[in-house]
Amino acid sequence: GQNIDQPTEMTATEGAIVQINCTYQTSGFNGLFWYQQHAGEAPTFLSYNVLDGLEEKGRFSSFLSRSKGYSYLLLKELQMKDSASYLCAVREGNAGNMLTFGGGTRLMVKP
Amino acid sequence: EAGVVQSPRYKIIEKKQPVAFWCNPISGHNTLYWYRQNLGQGPELLIRYENEEAVDDSQLPKDRFSAERLKGVDSTLKIQPAELGDSAVYLCASSSRRDRTTYEQYFGPGTRLTVT
């Protein structure tokens with residue numbers, strides 16, 4: 001089984017930087033995903049990490065440390081449209097393409 | 001390319017009534033997933049199909065939930081009879097083995113079910 005923890009809510013200011021953390025415990029790690037979900041909409045893929053290190057994609061970056069069971073999503077130059085829930089999901093190596101999601105972090109960006 | 005299509009988008013029913021949700025995955029995606037998402041929580045997998053075969057249904061409450069993907073393309077998820085606790089958003093997702101790097105899952109907009 002897996003245990004995935006992320007903060008429930010965060011608030012940040014437009015133009016600032018915010019880091020959303022995710023810790024996990026799993027028996028067979030095979031990748032970590034970050035998804036963005038606006039209220040009432042489908043989750044959309046943001047990033048994928050399977051090796052340690054930082055993956056950068058525009059204003060969004062994701063970091064992974066497998067030894068620590070830790071990842072973070074970094075959002076730079078925050079915009080109002082970044083207000084959404086951010087879901088951390090872990091794939092186990094022996095479970096096909098099954099993802100286990102954390103509860104999500106609801107980010108509110110204020111002017 | 002069309003995304004994952006789900007219908008209906010919203011459904012309100014009384015408890016003990018049956019309800020069905022339909023999903024059409026992205027063309028060519030062999031893997032299809034049904035998730036349930038409660039308010040303020042992450043999606044929880046109910047069932048996963050590889051083509052027409054259900055390969056993981058351990059989280060599906062089999063006393064009242066059923067699913068099928070007869071021709072390995074679109075899928076139906078049914079609840080009979082519905083209970084108050086079934087109120088949630090039911091998400092469908094699909095992925096392709098051709099995407100060997102990530103096997104990224106693409107989600108549909110979901111069906112928001114309210115049981116009264």
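These numbers come from a predicted model, not from an experiment. The sequence lines fix the lettering, A, B, ..., with proteins before strands; numbering per chain opens at 1. Values reported hereafter were calculated over all heavy atoms of this structure, with side chains retained and with hydrogens, waters and symmetry mates removed.
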- Task: Decide yes or no on side chain to side chain contact (heavy atoms under 4.5 Å, CB included) for A:L75 and A:I17, but give the supporting numbers first.
- Result: CA-CA 6 Å; A:L75 291 74; A:I17 299 173; over 6 Å; no

- Item | B:Q37 portion near chain A, given a 4.5 angstrom heavy-atom threshold | side chain

- Would you tell me whether A:S27 and A:E92 have side-chain atoms, one donor and one acceptor, within less than 3.5 Å of each other? yes

- Message: Shorter than 4.5 Å, heavy atoms on both sides: which option in A:G102, A:P43, A:A42 has the most such pairs with chain B?
- Response: A:P43

- Message: Shorter than 4.5 Å, heavy atoms on both sides: which option in B:G40, B:G110, B:G42 has the most such pairs with chain A?
- Response: B:G42

- Contacting region of A:Q37 [heavy-atom separation from chain B under 4.5 Å]: side chain

- Item | Interface moiety of B:T31 toward chain A, non-hydrogen atoms closer than 4.5 Å | neither

- Most heavy-atom pairs under 4.5 angstrom with chain A, which of B:S95, B:G108, B:P43? B:P43

- Query: Is it true that atom CG of A:L54 has more than 12 heavy atoms of other residues, nucleotides or ligands lying nearer than 6.0 Å?
  - Reply: yes

- Message: Can you confirm whether the side chains of A:Q36 and A:Y86 place a donor and an acceptor under 3.5 Å from each other?
- Response: yes

- Sole residue of A:W34, A:F60, A:Y35, A:F33 in ring-ring contact (aromatic ring centres under 6.0 Å, His included) with A:Y48: A:F33

